[in-house]
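A, B, ... follow the sequence lines: proteins, then strands. Residue 1 opens every chain.
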Amino acid sequence: MSTPGAAVRTETLTKTYGSGETLVRALDAVSVDIQRGEFTAVMGPSGSGKSTLMHLTAGLDAATSGRSWIGDVEITSLDDKALTLLRRERVGFIFQAFNLLPTMDARANIVLPLKLANRKPDDAWFDHVVSVLGLGDRLTHRPSELSGGQQQRVAAARALITKPDVVFADEPTGALDSQASEQLLTFLRASVTDLGQTIVMVTHDANAASYADRVLRLADGRIAADERAAAPTGR
Amino acid sequence: MLTSPRRLLSAALALALGVGFIAAALMLGTSLDATLRAAAGGAIRDAKVVLTQDSDRSDAPQLTDTYVAAVQALPEVDRVRPTVSTYAMNITQSSGQMFALQTVPELSDRTRLLDGRLPDAPGEVLVNEVAANLRGWKLGDTVTLDAENRHDFTLVGIIDAATDTTTDPAMPHAFLRMADFSALSGRTTYTDLYVHGSGTEHQVADAVRALPATAGTNAAVLTASEASDQRVREFTRGSEQFAVMLLAFGAVAVIVAGLVVANTFAILIAQRTRQLALLRTVGATRDQVFRTVIAEAALLGLVSSLVGLALGAAAVAIVAPLTRGSHLMRIDGLALAPRDVAVPLVVGVLLAVVAALVPARQATGVPPLAALRPQVATAVDPRARQGRPVAAVAAALGGFALLAVGAVVLPAREVSSGLSVLVGIAGGLISVVAVLALGRRIVPFVARGLGAGMRRLGGVPAELAAENAVRNPGRASATAGALLVGVTLVTMMTVGAATGQASIQRDLDSRFPMDAQVSSWDALTDAQVEVARTLPDVAAVAVLTQSSAEASGGGWLALTGIAPEEAGALRTPDVLAGLADGVLVVGPGAKLADGSRVKLTSGASTLDVTVRVNSGAGQLAALTSATLAELAPEAHRSLGMRFVDGADPVGAVDRIATALGEAGPGVDIISVADQRVQLQGVIDTILLVVLGLLGVAVVIAVVGIGNTLGLSVHERRQESGLLRAMGLTRGQLRASLGWEAALLAAVAVVLGLVLGVVYGFAGVSSLVASDATVVLTVPWARLALIAAAALLAGWLASVLPSIRAAQVPPAAALALGE
């Protein structure tokens with residue numbers, strides 16, 4: 001059974017596509033707890049179900065069966081509207097690409113979740129996040145005027161600006177060169193260590209995973225291994 | 001592209017509509033011409049030669065019975081139909097009614113005897129069905145007619161007098177033998193001789209001209225064709241301009257259709273990029289791909305044009321019965337000339353092909369590799385910043401300048417008004433095309449301005465929409481452009497109709513300042529005046545006295561005497577402003593200087609008066625009753641009346657005639673109130689039909705908005721997913737797309753209203769000669785309705801795409817590829 005105080009937990013969470021002979025089990029009765037203040041990496045080859053796990057636990061897609069919680073809220077019982085509001089308030093996202101709205105500058109992209117929630121940005125927190133990520137001189141630039149690394153750092157700032165319960169990162173370094181990757185991963189590591197942020201990162205890159213406290217390996221829709229790193233990179 | 005029927009449908013509909021508009025305009029012109037020809041030239045029947053005596057000239061021997069006999073005797077001539085017509089008053093116990101008086105016509109397959117027989121003895125009269133119904137006559141009744149003299153006749157027959165007998169079949173007619181006609185009217189000569197004969201028109205005409213007596217008649221000898229053309233020309237002024245105006249609308253409708261078609265083709269081909277690239281990879285040459293796209297367009301154009309022709313013909317056939325009974329524009333039925341079919345067909349096919357040219361060239365530019373590459377939405381259209389639109393700006397300025405020339409300069413110089421219309425149309429078309437070409441800049445500019453206001457109203461969804469609407473300026477301007485032209489046209493028609501109606505109304509008011517004028521062949525009694533003041537249909541009565549006088553240096557004036565306190569009987573009492581004893585109020589047309597003193601001479605008496613010129617007075621020359629009595633004590637007395645608002649004018653005239661007829665001698669009522677009501681009806685009918693057609697154009701444009709939005713939803717799939725992940729609810733996503741559509745519609749509405757008002761004013765100004773006053777009128781309530789309807793329609797267009805967009809779960813939207 002799951003531990004109270006988990007940031008994210010699932011109980012026999014299952015997602016299937018198709019039916020009969022063409023039935024595909026993308027996720028097969030996965031039960032897992034993600035602790036608060038931990039950096040968890042989810043690894044696995046293509047088709048292992050790691051993205052599906054992230055989509056279901058983040059409330060981006062509906063499970064076929066099983067249950068899932070964010071904090072003490074059971075998201076598998078929520079309707080679309082409640083789920084959307086929950087994401088808005090308590091979840092941050094960093095995707096591999098198409099992270100930013102091309103029509104808005106960096107600042108507008110960062111504060112967009114607050115705007116959607118009709119909240120005022122906390123200026124001190126905004127300045128802190130922006131300066132840690134080194135985006136101070138890029139705030140008026142549009143995404144097309146930013147490098148890939150800068151774009152991902154804007155996405156990271158946006159994910160953190162709401163101080164969410166959990167940040168989901170889906171292959172955040174997938175499109176970056178090694179230097180930009182390292183910069184981003186170092187920041188994510190620091191936000192866990194220094195600020196107590198909870199991060200779940202889906203990746204197939206072992207180097208990226210080495211920054212995490214815990215590595216979940218998925219294969220064929222099941223958890224194949226659950227390892228704790230003794231000394232994560234960047235700690 | 002024949003595989004995407006839904007999108008194709010909107011292109012085909014747009015084309016069919018544009019072609020239908022042109023077809024309807026051409027067919028309407030032909031039908032109108034046929035009707036007018038029948039009315040104006042109908043009396044010629046199968047005569048070979050027509051002799052027409054100018055009735056204003058009385059200086060020579062004219063078309064007498066003796067001369068008719070001489071023509072009849074010519075070997076080339078079978079028979080001669082001599083006619084003469086004038087007007088006579090039919091008098092009954094209670095009222096007088098104006099009748100057309102004519103010699104007895106020959107019967108034909110259209111002019112048929114309904115009852116009785118034709119007159120063959122002195123004292124017998126034939127009437128048309130209109131007269132018989134009006135008066136409730138039966139054979140054997142006595143008909144009293146008054147022209148120069150007054151005589152009683154016995155009714156012996158009733159005919160249906162068609163347009164081959166009279167130009168105005170709706171009027172009551174009385175027909176007399178020539179001897180009776182002469183005794184009644186004092187006229188002993190004919191105005192028209194229709195000469196039937198064997199041989200060609202020219203042979204007969206030459207024979208008639210060779211007759212020595214012909215020279216003495218001063219009559220014009222014309223062949224039937226010449227006479228027909230001449231009569232149609234005299235008859236058709238105005239209706240030709242109407243057809244030209246309709247054609248101009250047709251041209252603009254074709255431009256709207258072209259926009260939607262070009263945009264739709266561009267979208268279709270963008271979506272088919274992979275398919276076309278696949279064709280290239282399996283060996284299709286550029287030419288083959290190009291030809292395929294063009295051939296499909298031509299086929300689409302042909303099919304749509306055929307549908308458009310049917311639509312146009314149906315529209316004219318539906319309109320025709322609505323015009324019956326209208327004096328301004330009557331159409332008896334649908335008539336077709338070959339060009340009415342050929343021109344729209346050619347225009348439709350050409351339009352489709354031209355609209356497909358640019359997309360077809362892009363299609364051939366698709367490299368085979370594109371089949372393998374994923375499609376990625378461009379953030380900002382790179383073409384947006386290219387090129388300076390010098391040519392388009394110059395064309396826009398030039399177009400508006402031409403418009404101004406056609407509307408203001410040309411009519412003022414009294415060059416034939418046809419030229420001013422053509423110049424105005426050219427200016428309108430050039431400026432519309434230029435504005436559309438500049439749309440890429442104008443539309444985003446206006447959209448940003450409107451978007452700023454929208455943000456405050458609609459929160460985050462509106463803010464997203466404001467940014468999204470202008471991401472692809474080319475697409476935004478093409479989408480808004482189609483609706484823009486629709487709104488422009490609707491606004492132009494509405495403003496034009498309101499302005500035209502107000503102007504004609506003003507003209508009627510100045511020529512006929514009162515709803516009705518009552519006179520009697522005997523003097524009106526005081527009892528009748530008192531009765532008139534108490535009638536329920538009458539809001540105000542003025543006692544008028546009438547005389548004429550010669551003004552020193554100003555020619556003859558028809559003087560009206562009226563007490564200033566009774567000016568309320570006029571529709572526009574202010575035309576009498578300044579009227580006092582010793583003052584003569586005239587319009588600018590009298591060519592008398594304001595403030596000058598003139599001497600009026602009437603018979604033996606003279607009077608000095610001060611001139612006061614009122615711009616609205618028209619042909620009115622007014623004195624106070626007291627002043628006119630000094631000049632002409634025996635002046636004829638009549639009554640001017642203003643009806644209560646909303647009174648049925650025809651019924652009111654009947655009731656007034658009956659009431660006054662009971663109180664004294666029978667009265668004659670001249671009323672323009674029914675003309676006013678009829679004018680309103682005609683303009684409303686035309687407006688309704690045209691707005692109906694244009695309404696479909698707006699619907700097409702809205703379908704275009706839906707198309708564009710559908711494509712945008714498709715392209716922004718991942719972006720929508722991202723927003724949904726970050727907490728944008730389904731409702732907010734739908735609202736955002738709704739705002740985007742509404743914003744595009746709003747841009748079209750704002751620009752369209754401005755342009756439409758300008759074109760409406762310019763159009764009426766160029767149609768109307770400068771000496772007529774154009775009363776520029778903006779029908780605000782109707783324009784507000786147009787704006788609301790267009791905005792609502794724009795929002796409706798977003799409903800389907802936004803539902804589709806919101807249904808996609810965020811995880812699926814975020815997934816790459818597909």
*Find the distance between CD (B:Glu719) and OG1 (A:Thr103) and round it off to the nearest 0.5 Å.*
6.5 Å
_Does any backbone or side-chain atom of A:Met104 lie under 4.5 Å from a heavy atom of chain B? Answer side chain, backbone, both or neither._
side chain
*Could you tell me which of A:Thr84, A:Thr52, A:Leu83, A:Leu85 has the largest number of non-hydrogen atom pairs under 4.5 Å with chain B?*
A:Thr84
*Please state whether the side chain, the backbone, both or neither of A:Leu100 comes within less than 4.5 Å of a heavy atom of chain B.*
backbone
_If you count heavy atoms of other groups shown closer than 6.0 angstrom to CG of A:Asp127, is the number above 12?_
yes
_A:Leu101 versus B:Leu722, closest heavy-atom pair with distance_ = CD2-CD2, 4.3 Å
*Highest number of heavy-atom pairs under 4.5 Å with chain A: which of B:Leu723, B:Asn468, B:Leu464?*
B:Leu723
*Which portion of A:Leu116 sits near chain B, non-hydrogen atoms under 4.5 angstrom*: both
*Compare every heavy atom of B:Arg471 with every heavy atom of A:Pro102, then report the nearest pair and how far apart it is.*
CG-NH2, 3.4 Å
_A:Arg222, CZ: over 12 other non-hydrogen atoms inside 6.0 angstrom_ = no
*Would you call B:Arg724 and A:Asp80 a salt bridge, taking side-chain N to carboxylate O under 4.0 Å as the test?*
yes
*Can you name the nearest heavy-atom pair linking B:Ala725 to A:Phe95, along with the distance?*
CB-CZ, 4.0 Å
*Is atom NE2 of A:His141 surrounded by more than 12 heavy atoms (other residues, nucleotides or ligands) closer than 6.0 Å?*
yes
*Polar side-chain atom of A:Arg87 near backbone of B:Gly727 as donor-acceptor pair, under 3.5 Å*: no
